[in-house]
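Read through the structure below, which is laid out as structure tokens, and then see the notes.
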Amino acid sequence: MTIAPAPDQVILPARASRSARRAPPADRVALILLLAIPLALTAWGIAYYAAPVADRVRSPLHALLRPSGAIGQSFGVLGLALFLFMWLYPLRRSIKWLAWTGALGSWMRVHTVAGLSLPVLVAVHAGWRFDGLIGLGYWSMLLVSLSGLVGRYLYVRIPRSRNGIEMSIGESVNQRRALVTELAATLDRDPTLVSRTLEATLEPESARGLFGILRRLALDDLHRWLAVRSLRRMWSEPGLGGAPVDHATIARALKLARREIALGQQLRMLEGTQRLFRFWHVAHRPVAITALLAVLIHVGVAIAMGQTWLR
């Protein structure tokens, strides 16, 4: 199906302000900071972390970097706080009156940042050793984080609005039409021709089974990357007036094309992706609950043995 703008419809695609486009996303900055601090600390104390357990006791850094030390336990408390904070996202998703706390999309981004940074923060707390009681809590958290990466991968492959609400098929088609209109205006080319060019990049193959769907999604990512490279060569040629297209225009056009192709792929695989996402939810919940119990046991035992600031 060729997506072309309706003749009686004026489409005004939303555009971010120039300053907003230039500013790095807040979640990306937060993730960099949450990863940079523990990694920098690890580099500073690498001699301690690389030493055998028997030698660590004699290190002058032992009082600071051991799991119950000032720095080690501080990272443990921060990791526990982030892990518990991550449980607020399911509450926000399931309780409608919590909408005043922010859009689902914003909550999802914060949830993702916490999940990605958590393994590194907890690794510093554990002294980069993962045996015994600490290992129980760490491997549980790591399993939840890895499972969350899969969920995030599926989440972003379902068409959604800016606030994170899943779009209907009609809304998705209208967004594709808006992207084609803006892309044609950017390149000064016929919208119908642009639409046909983008449609030709979509793979018609469908998928069966959960693993087949996941394989198809991964192949779509590869095909989209190859298609954008091909479009770059095609659109770098002179336009209708014979003048070459400048690099800034090509870059903007490719960004729009990447979004349009991705949306077309998402619509083609929508039913399968939704089914796979529902299956992931069923599998992820018990894993997360098991990790929560393991972490609470770890904290409870540490407090009972007097290995905290509370002793």
Problem - Centroid-centroid distance, H111 to Y89, less than 6.0 Å - result: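 Distance test on ring centres: under 6.0 Å, yes.
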
Shortest non-hydrogen contact between [X] and [Y], atoms and distance:
X	Y	result
G79	V122	CA-CG2, 4.4 Å
F83	L292	CE2-CA, 3.6 Å
Q73	S68	NE2-O, 3.2 Å
L34	L121	O-CD2, 3.8 Å
A288	W87	O-CZ2, 3.3 Å
S145	P119	OG-CG, 3.6 Å

Contact between [X] and [Y] at the side-chain level, heavy atoms closer than 4.5 Å - yes or no?
X	Y	value
V301	H298	no
Q265	I261	yes
M86	L118	yes
Y49	V124	yes
Q266	T273	no
Y48	P60	no
R56	R66	no
L61	W44	yes

Interatomic spacing from [atom1] in [X] to [atom2] in [Y] - rounded to 0.5 Å:
X	Y	atom1	atom2	answer
L214	L154	CG	CG	6.5 Å
L65	T42	CG	OG1	9.0 Å
R258	L179	CZ	CG	12.5 Å
Y155	T112	OH	OG1	8.5 Å
L217	L222	CG	CG	13.0 Å
L78	S117	CG	OG	7.5 Å

Exercise for the section: Could you walk me through whether L116 and L149 pass side-chain contact (heavy atoms from CB on, under 4.5 Å), step by step? Expected result: CA-CA 8 Å; L116 290 176; L149 286 176; 3.1 Å; yes

Find out if a path of hydrophobic residues (ILVMFWY) with successive side-chain heavy-atom gaps under 4.5 Å connects [X] to [Y].
X	Y	result
L296	V287	no
L254	L226	no
V150	V144	no
V299	I71	yes
M108	I95	yes

Exercise for the section: State whether a side-chain donor-acceptor pair under 3.5 Å links D131 with Y138. Expected result: no

Problem - Between S106 and R109, a side-chain donor and acceptor under 3.5 Å - result: yes

Problem - Parallel, tilted or perpendicular: rings of W128 and F130 (30°, 60°) - result: perpendicular

Practice task
On the 0 to 90° scale, with breaks at 30° and 60°, tag the W280-F277 ring pair as parallel, tilted or perpendicular.
Solution key: parallel

Exercise for the section: Without swapping roles, check the side chain of R268 against the backbone of L263 for a donor-acceptor pair under 3.5 Å. Expected result: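 Between the backbone of L263 and the side chain of R268 there is no qualifying donor-acceptor contact (under 3.5 Å).
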
Problem - Residues R157, D220: salt bridge by 4.0 Å N-O rule - result: no

Practice task
Take atom CZ of R93 as the centre, draw a 6.0 Å sphere, and report whether it contains more than 12 heavy atoms from other residues, nucleotides or ligands.
Solution key: yes

